[in-house]
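Worksheet: one structure, shown below.
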Amino acid sequence: NTAKRFITGRGDSSTVYKACGAFVANLLGSAAVGVLLPVLMAAIIRHSRIGHNPTLEQGLVVLFVWVPYLVGESMELSGIVATLGAGMASRKFIAPNLTAGSEEAVIATLRMVSGFMETAAFLALGLGCVLHNRESYDAGMIFWAIALCCLSRPVVTYSLSWLLNRETACCNDIVPRRIDAKTQHMLSFAGLRGVVAFACVVQWPEDPTHDDDDDDNNADDEDGARAHHNLFKATTTSVILFTVFVQGGLTYSVLEWCV
């Protein structure tokens, strides 16, 4: 939604600042929605007798973890970020209030659903590879996207590992052991960028925000937005295929080197 409001052929530096501000507001608002709703559900479970009916308890939890996505999308926020926040908040607040049997059943159900969704996403990815036009692929764009992914992954992995290792001594409940160098190397190399990236690019808008008083520029913006949509989708597909086949194929060799 942020991209749809600002994707246009016209703009200046103030437009960039507004887009960045809208992005940050969207991110924080989505995270807030994802955290608050599971906290509400945890309070309901804690202060009610729902635990005496495991079937009802499990059903409500499974349904409730999807509510933040629906609320986020209806508020023109990011459903993906809201769902991610809901998952972390559910693990922190809802899981401790569930009975042992309900917790195992909910985790098993969500893992089964996630498996189905991942299969559907890669099916859509495969269909997209076949249906793209040659004009949608840009060798330079694909090269730099892969290069920046390969560069950013180690930067993030090594920096976060360093921070976590510093806190290991005082936060054993969060980081029970240090992340050794070999594990960091493997995490840096084997970071496959798949379902989330593809889900985001599929939602990239094909139609920009229109100006009712400028039909000629509106037509140009529509053509440009559609071309950008296809370009980003083809580039993301190429990056995913590279990480799956090239990095995935070399994972065993890298594991041997790391071990």
Side-chain angles (χ1 to χ4, degrees), residues 1-24 26-27 30 78-81 84 118 121-163 184-209 220-255 257-258:
N1 293 320
T2 302
K4 189 170 184 177
R5 289 200 299 269
F6 291 97
I7 183 172
T8 175
R10 305 176 304 279
D12 51 24
S13 58
S14 63
T15 304
V16 176
Y17 296 139
K18 291 178 181 178
C20 292
F23 173 80
V24 173
N26 188 298
L27 180 66
S30 302
S78 172
I80 294 176
V81 175
L84 179 61
E118 185 176 9
F122 277 100
L123 177 61
L125 173 64
L127 292 173
C129 296
V130 177
L131 298 177
H132 285 319
N133 297 322
R134 290 178 54 187
E135 294 77 11
S136 300
Y137 291 90
D138 185 301
M141 182 80 166
I142 294 172
F143 170 81
W144 283 110
I146 293 175
L148 291 174
C149 283
C150 293
L151 176 64
S152 61
R153 179 77 181 188
V155 170
V156 173
T157 299
Y158 293 130
S159 60
L160 291 180
S161 297
W162 178 77
L163 290 174
Q184 294 179 38
H185 299 332
M186 196 63 238
L187 290 173
S188 299
F189 181 81
L192 306 182
R193 301 142 190 97
V195 176
V196 174
F198 187 73
C200 289
V201 79
V202 166
Q203 298 182 37
W204 185 268
E206 295 189 57
D207 299 315
T209 303
D220 293 338
D221 288 346
E222 287 183 0
D223 294 338
R226 193 167 294 108
H228 290 155
H229 173 87
N230 294 333
L231 173 63
F232 278 96
K233 192 173 180 180
T235 302
T236 303
T237 301
S238 301
V239 173
I240 295 172
L241 293 177
F242 175 85
T243 60
V244 169
F245 289 105
V246 177
Q247 291 185 296
L250 294 174
T251 298
Y252 182 77
S253 299
V254 175
L255 275 172
W257 173 74
C258 288

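The side-chain contact (heavy atoms from CB on, under 4.5 Å) check on Leu148 picks up nothing, with sequence neighbours excluded. For the side-chain contact (heavy atoms from CB on, under 4.5 Å) test, no residue two or more places apart in sequence or in another chain qualifies with Val155. Under the side-chain contact (heavy atoms from CB on, under 4.5 Å) criterion, Tyr158 pairs with Pro154, Gln184, His185, Ser188, sequence neighbours left out.
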Please report, to 0.1 Å, the donor-acceptor pairs under 3.5 Å made by any side chain of residues 138-146, with sequence neighbours excluded.
unit_1 : atom_1 : unit_2 : atom_2 : d
Asp138 : OD1    : Gly140 : N      : 3.0
Asp138 : OD1    : Met141 : N      : 3.0

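Side-chain contact between Val239 and Cys149 is present, with at least one heavy-atom pair separated by less than 4.5 Å.
Between Phe189 atom CZ and Thr243 atom OG1 the span is 10.0 Å, to the nearest 0.5 Å.
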